[in-house]
There are 2 protein chains.
Amino acid sequence: MARLNLPKKARQRELMERLKADPFLTDEELSDIFHVSVQTIRLDRLELGIPELRERIKSVAERNYEKLRAIGGQEIVGELIEIELGKSGISILTPTEDMVFEKTKIVRGHYIYAQAESLAIAVIDAKVALIGVANIKYKNPVYLNDKLVAKAEVVRQRGNKYFVWVKTKVNYQEAFRGKFILVSMDDEQ
Amino acid sequence: MARLNLPKKARQRELMERLKADPFLTDEELSDIFHVSVQTIRLDRLELGIPELRERIKSVAERNYEKLRAIGGQEIVGELIEIELGKSGISILTPTEDMVFEKTKIVRGHYIYAQAESLAIAVIDAKVALIGVANIKYKNPVYLNDKLVAKAEVVRQRGNKYFVWVKTKVNYQEAFRGKFILVSMDDEQ
DNA sequence: CTACTTTTAGTATCTGGTATTAATAATAGC
DNA sequence: GCTATTATTAATACCAGATACTAAAAGTAG
């Protein structure tokens, strides 16, 4: 057999990329792809510090389990660091790689929006609240690793309608502001 | 030893819930929790049709690999089904369990927003676009499994500014509308 | 006490590895 | 050409977390 293929370094580069694209490949599948023995693949992984299949899968699972919390399932996007129910609240969100546009590293608007919206909902002292109308301005682009500090204030309440202002700052500079009108859906009318 | 604990049925119910909450538990850890032997746990899993740890982790990893595409890393939230660059576009999003409030099953606003925003960006025929100002109205609550049809139209263009209206309908009824002002950041000014 | 269900134990086997040692093949140096 | 070095393959022992199967023991109901 011998190696009919790539020299070591090139193979290892390829290997890294392959696994980045698809972390679900076993050593055996990889050995087929590169036409080398399984042992060679293992040696390569060892040199490159790439963990075994199961660990890779596990870390994908765990990472995404957290991501769920970040944007998906949880009640609030960002970390709630202060709250006075019915009055005001502050939350912090540090955008990660997956929240930005690849080319520009500018944070996708809906993450900023999501932080603001969920903060607005959190400060309302009611069982369930729902957005009615939102009026929004994005002032400045926000970049990867900028720290988004959102501050919400309830400015008016009329019946089951709440008017909440949320201002988000990056380095004390306003990056976003939004006016949310929330409708409480408490069972006691 | 014997069983100092739950009868079979109750244990199996508990087991299901435990694994739902934390799919990373091994049979051995479970046998500790319930004070039964590993074999009993395996029998339970067999009866309940719950796959082994590795399969569970794998499915979490795979599922969330897709979810990443849904809200996180990808360029567009929802499925782009028609597009005329610079003019209009339509996208469809069917909200899943993880996009709704647990109690009410109402879709969290930022998913509706994200669909609209990303559609607005998609219709602009420019390398990178960024939200300037958005003016938004949520007309009606949207529920789990409702089919969100978002339609975007470029209504005006001035220099590198684009005005895009996005209307989202559920069952031909308007559920959301938003006005987006996008700023193109093309390198050819 | 017997019949049946539930639980536990034990053994063989599987996958996808780690870790280690040793042999073989390829390539470079001179 | 021969040797030193590097790269590759092979072989073996071991591990976690299982499946699949058989059998025994414990518990429970009639």
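Residue numbering restarts at 1 for every chain, and letters A, B, ... go by the order of the sequence lines.
- Between the CD1 atom of B:Ile57 and the P atom of D:dA18 there is a distance of 9 Å, rounded to whole Å.
- Under 4.0 angstrom from either OP1 or OP2 of C:dT7 there lies no side-chain N or O belonging to B:Thr40.
- B:Arg45 has a side-chain polar atom (N or O) that falls below the 4.0 Å cut-off from OP1 or OP2 of D:dT19.
- Distance B:Asp27 CG to D:dA20 C1': 14 Å, rounded to the nearest Å.
- Going from atom CG of A:Leu15 over to atom P of D:dT8 covers 12 Å, rounded to whole Å.
- Using a 4.5 Å heavy-atom cutoff, the side chains of A:Glu29 and A:Phe24 are not in contact.
- Across the protein-nucleic acid pair, B:Leu30 atom CG and D:dG17 atom P stand 12 Å apart, rounded to whole Å.
- Between the side chain of A:Arg54 and the base of C:dT15 there is at least one donor-acceptor pair of N/O atoms closer than 3.5 Å.
- The distance from atom CG of B:Leu46 to atom C1' of D:dG17 is 16 Å, rounded to the nearest whole Å.
- Place B:Leu53 and B:Gln39 on DNA chain D by their nearest nucleotides, and B:Leu53 ends up nearer the 5' end.
- The side chain of A:Glu52 has C:dG17 as its nearest neighbour among D:dA18, C:dG17, D:dT8.
- The phosphate of D:dT8 has OP1 or OP2 within less than 4.0 Å of a side-chain N or O from A:Arg11.
- Summarising the geometry, the separation between CZ on A:Arg56 and P on C:dG16 is reported as 11 Å, rounded to the nearest angstrom.
- Ring-plane geometry between A:Tyr113 and A:Phe180 is classed as tilted, the angle between the planes lying from 30 to 60 degrees on a 0 to 90 degree scale.
- The closest donor-acceptor contact from the side chain of B:Arg177 to the backbone of B:Lys137 lies at 3.5 Å or more, if one exists at all.
- Nearest to the side chain of A:Val36, among C:dA9, D:dA18, D:dT9, sits D:dT9.
- Whole-Å rounding puts the B:Arg42 CZ to D:dG17 C1' distance at 7 Å.
- A straight line from CD1 of A:Ile41 to C1' of D:dT9 spans 12 Å, rounded to a whole angstrom.
- Residues B:Ile92 and B:Ile121 do not share a hydrophobic cluster, defined by chaining ILVMFWY side chains whose heavy atoms lie under 4.5 Å apart.
- Closest to the A:Lys8 side chain, of the nucleotides D:dT8, D:dA18, C:dT7, is D:dT8.
- Side chains of B:His110 and A:Ser118 form no contact here, defined as non-hydrogen atoms less than 4.5 Å apart.
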